Amino acid sequence: MPLDILVIQLLNGLVFSLLLFLMAAGLSLILGLMDVVNLAHGGFYLFGGYIGLTMIRWFGSFWLALLIAPLVAGALGLLLQVWFLRRLQSRHLDQVLFTFGLALIAADMLRWYWGAYVESVPPPPELDGSVLIMGRQFPVYRLSLIFFGAIVGVALMVLLDYTRIGAIVRAGVSDSELVSGLGINIDWVFVGVFVLGTALAALAGVAAGPITNLYPGLDFEILILALVVVVIGGLGTLRGALLGSILVGMTETLGKAFIPEFSLFVIFALMALVLLVRPRGLLGQKEA
Amino acid sequence: MTQLKADHLHKDFGGLTALVDVTLEVKSGERRAIIGPNGAGKTTFFKLLAGEHIPTSGRVYFDGQDITHLPVHARANLGLSHTFQRNNLFFDLTVFENVRLAVQHHRRLAWQMFKSAGSYQAINEETEKILSQLGLSDHRQQLARHLAYGQQRSLEVALALATEPRALLLDEPTAGMSPAETAEMAKFIESLPRSLTMLIVEHDMDVVFSLADRITALHYGQVIAEGSPEEVRSNPMVQEIYLGTQSAVKRHL
Amino acid sequence: MTSLLANFRRWQFWLTLIGLIALVIYPNVASSYLISLLTEVFVFAIFAMSLDLLLGYSGLSSFGHAAFFGLGGYILGFVARNWTANMFITLPIVLIGSALGALIIGFFALRTSGLSFLMFTLAASQMFFGIAIKWTAVTGGSDGLSGIPRPTIGVGDTVYRFGTGFQFYFVALIFFLIAFWLMRQLVHSPFGRALIGIKSNEARMKALGYNTWRYKMMAFTLAGVFAGLSGYLFAYFNRHVSPETFYWTTSGQVMIMVIIGGAGSLTGPALGAVLVRLLPSYVSSYTERWHAIMGLVFILFVLFAPQGIIGLLKKVGRVSNSPNEP
Amino acid sequence: MYFESVGNTAGGRKIELVTDDEGEKPDEALKKARKMVEQDQVDLVAGIVSSGVAAAVRGFFDETQSVLIIANAGANALTRAAKSKYIFRTSFSNWQPNWPMGAWAYENVGKKALISVPDYGAGADMLKAFEFAFKAAGGTVVEKQLTPFPNMGDPAPFITQISNAKVDFVYAFYSGAAATTFVKAYGSFGLAGKLPLVGAGFLVEQDVLPSQGDAALGVKSGLHWALTLDNAVNKKFVDDFKKRTTKEANVFAVQGYDTARLIVDSVNAVQGNTKDKAKWIEAIGGVSFDGPRGKFKMDPKTNNVVQSIYARDVKKVGDTLQNVVVKNFGEIADPGDDSKG
């Protein structure tokens, strides 16, 4: 394998990793704090993507879409949390099942409104094109995704590690009784995290649109990938989600490149391996 | 004859040392109490004996057999049973079912897959017997979660006893009980057969001094005193830790 | 109290008897399509009850139960196409095969718990799916194995062939009854109570001396065997087995059956199978949006009837039986 | 649409339609087939998109001697080893659109090829057909890339590997979402226009072409129809379709339209007497007409359609992309066995 191809493949892996991180970050947050495996996460992702597409068609601006889609999805997340999920508080299994039902409905509604055919999302014109990397063309949009993912990641880490809200959320992850004991309304912390999580899913949906395109079924594809990432990285840790994303992204990409026939198995094999060695995931604190 | 032996036990958690070189021998039929202020390492020590933690170094022997690395269930099957500091019951099952689970295992019937559990008379009778011993007969159809706290505590002990252990590790059996319940529980423990070896971690000094044949005092993860209740009571270091005077020792800590 | 219980017992006995008679009469009066619908329900009821052993009784949320459903089907498909469709031979092979599969997956999966267990089982079934698609020589690849012969029973030359859907209905019915009875005995046995104990509080079970790992392993294996049995029947029924039987959607569907029906009751998941298999057949003829309707039904159950159909029935029963209950 | 044009009657009988969504799960589809045949007592069932579904329902139709008309699923076996008297195919066998492209690509595109297909039945069928003809013509297949099915995921690693291959062109079969994903990535990594992309027509068919954009320009493909096909029936069909749905027609719509026509023609031929299965089946096998795709003729030997295959090239016509026919290979009949790939 020539060096230039290897470099390009590693870049591909990095792009995919950060894409995975965008998808998994919200899932991981919700899971860590609320103990809810949000199975509708893929639904929010696809919903965000479609909303973004519609915004692009209406207003012709990718950037506006990137702003509006998370807001819309976040608002929907807010309603769901306040109206329904809160009623199921401390019934974790029921919450998971609720989101599963939601995922089924979302999948059907999205197919109904946006159709069964694949829709492609144009990247913003500023980033539409390619650069030469070691003599090979590489799409600018993919490169910029690396930066975008990194920015979102850093922003989230700053939010969690250096702000009061972050401290409350982190404390909530390890012990939600403690947080309630401090006189903080844990309900609203939950709402905030759920909204943030769904908004992140939608953000990922728009950002990934030009690469994955949008089509029915993508929601569950993404959900499973994101779940794999979270389980590998460890529940409820953003660093775990990042590590998991990079591991999964790289393994998947290199697997496809070198053993395409078996790429169906590599991620699952990786997950099985990690879980056997560390049942809590690589950086997981709590029992999954 | 030595039944339970801790040999130079040492336990680190990350960088924190919880237990330093603890050696202890409990004779068959002896009732031993472990005392010490909060953070003395009592609970850690207890968990090493019960099998919930593995020591960093040192060994644990039961009847001369090295059980340092045996899992919890294997220890229970050797006859080393334990209770939990926080009630750890089958909260969503009835009181009867709670005890029956212990009895059916002990009777080696838990792998039966075909006949209804209720049709094993021996299990039913033994379960009833244990329930009545602990005054829980009237509550047999209640869910464990609906019991009063003191009754849950009794059930906790009942579960451990139902396996007919040769040695019983009790982790603060009277924690959270009312004075009346405490006295009752102490009386009950007192009434258990003398052949049963006991190791009790307990805060209530009345209970400790009335039950124990020997007492071991832990402080900062180390054994600072061991002997008969009188010897420990008069040990200057124990007195110092418990704020000097004998009356302070007697105060509930 | 006792007379009420006795009443209930008697009532239950008659209800069961009437139900059985109805199930025997049914195929004589129903059209062949309706017969096939109910046959399918029996098959899925076995599948759902087998998952309930894990989900409802042992507290193991497996999201890869399709692995054994598919395995049973594929083993049958391979044996029946290449050797014999005689159930005296195919049944033991399939049961042993699914047990082995469950032992292997369980051995690894049971090192984890909770979400990790869920994902591990999912991964295992997805790998089976991958193998089914790739190992074309044995599995027929993405098209699956078709042309599976009808089941027969017999020794030597005396062979009876279940050649029609009518006859196969009774095969499925008998298997369903046997499986239901076996699982019922199982969950009420000391072993079954031990599983409930593990679901309720595994740490305490260990303290009582239970080697919980072995119990879970056995539960996982038995559930795998029953799931294999249902896959086996399904392949005979369709005379075809496709890779989709391994796919996560199959696991998801059976999970819905268990939850909607009511986990931890056996009857519940069986009723769940009725609802989940029959409802789409009717709804989808009227509207294309039946996925959304299924999702909605599911959500309504989670919100308003978390104990599932069986919980609803019990509630109705309690209200009508003893209005004076405080 | 065709049914309407004949007033919903055939052979003096009214046509009653029972529709249902076959879904993608073979066992669900089989259940629905049972419903239609046994409950609704239909004379025939038409449809079947996926080969997996076709494989699942085949046994049922063969055994109950009910007529099935496959309007899409392409698995070669359905009209070869697993052929049934009662099952007809009006769409294509996977072999058909690929085989003629072998020799054509050798002459018009290049001598060395990389083949990229999804790793499942249809992919294997298409690969085999093209490879057989391409090799027979003298070409070499340098590399075969089998991508994961059903989901390809991020195509970048595959495209990057392709960019490294020392070949004259790439031959690919993808359809639906995967087609768009593949073709777009092919463009964004700068391969479009540099390394010719050839494939089975579904790669750039009307259902995905609009979403692919300029990345699809210059992609050459073989198929049994093209939007721009220059014949009177097609022109009318394309116009009518657009009037009704406001969308451009695609090959799947054509298949449905022709299927309807085949049904009507065959029922007319037996004067509505579909109970006499033997006669009716013979009538279906004998149907032939001029449809949107040109001459449409059933092959009684295989029960598969005999049809023209066209080599097409994606070009910009006005401001839309269209598959322009560059060659008509004439009538292509499936060989009925695996002798030609």
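Side-chain atoms are counted along with the backbone in the values below, which use heavy atoms only and exclude waters and symmetry mates. This structure is a prediction, so every number in the text was calculated from the model and none was measured.
Residue D/Asp154 touches chain A through both its backbone and its side chain, counting heavy-atom pairs closer than 4.5 Å. Both the backbone and the side chain of A/Thr253 come within less than 4.5 Å of a heavy atom in chain D. Only the backbone of A/Val121 comes within less than 4.5 Å of a heavy atom of chain D; no side-chain atom from C-beta onward does.
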Determine, step by step, whether D/Phe202 and D/Phe92 satisfy the ring pair (Phe, Tyr, Trp, His ring centres under 6.0 Å) criterion, reporting the C-alpha distance in whole Å, the side-chain angles of both residues, the deciding distance to 0.1 Å, and the verdict. CA-CA 12 Å; D/Phe202 310 99; D/Phe92 59 93; 5.0 Å; yes
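The residue among D/Pro155, D/Ser163, D/Pro210 with the most heavy atom pairs within less than 4.5 Å of chain A is D/Ser163. Counting heavy-atom pairs closer than 4.5 Å to chain A, the top-ranked of the candidates D/Asp207, D/Thr147, D/Ile159, D/Leu191 is D/Asp207. No other option in A/Gly217, A/Gly129, A/Pro260 has as many heavy-atom pairs under 4.5 Å with chain D as A/Pro260.
Applying side-chain contact (heavy atoms from CB on, under 4.5 Å) to A/Pro210 and the options A/Ser120, A/Pro122, A/Pro123 leaves one that passes, A/Pro123.
Using cut-offs of 30° and 60° for the angle between ring planes, the D/Phe149 and D/Tyr120 rings count as parallel.
A salt bridge does not link D/Glu143 with D/Lys166: none of the charged nitrogens is closer than 4.0 Å to a carboxylate oxygen.
Here the side chains of A/Trp112 and A/Asp108 are not in contact, with every heavy-atom distance at 4.5 Å or above.
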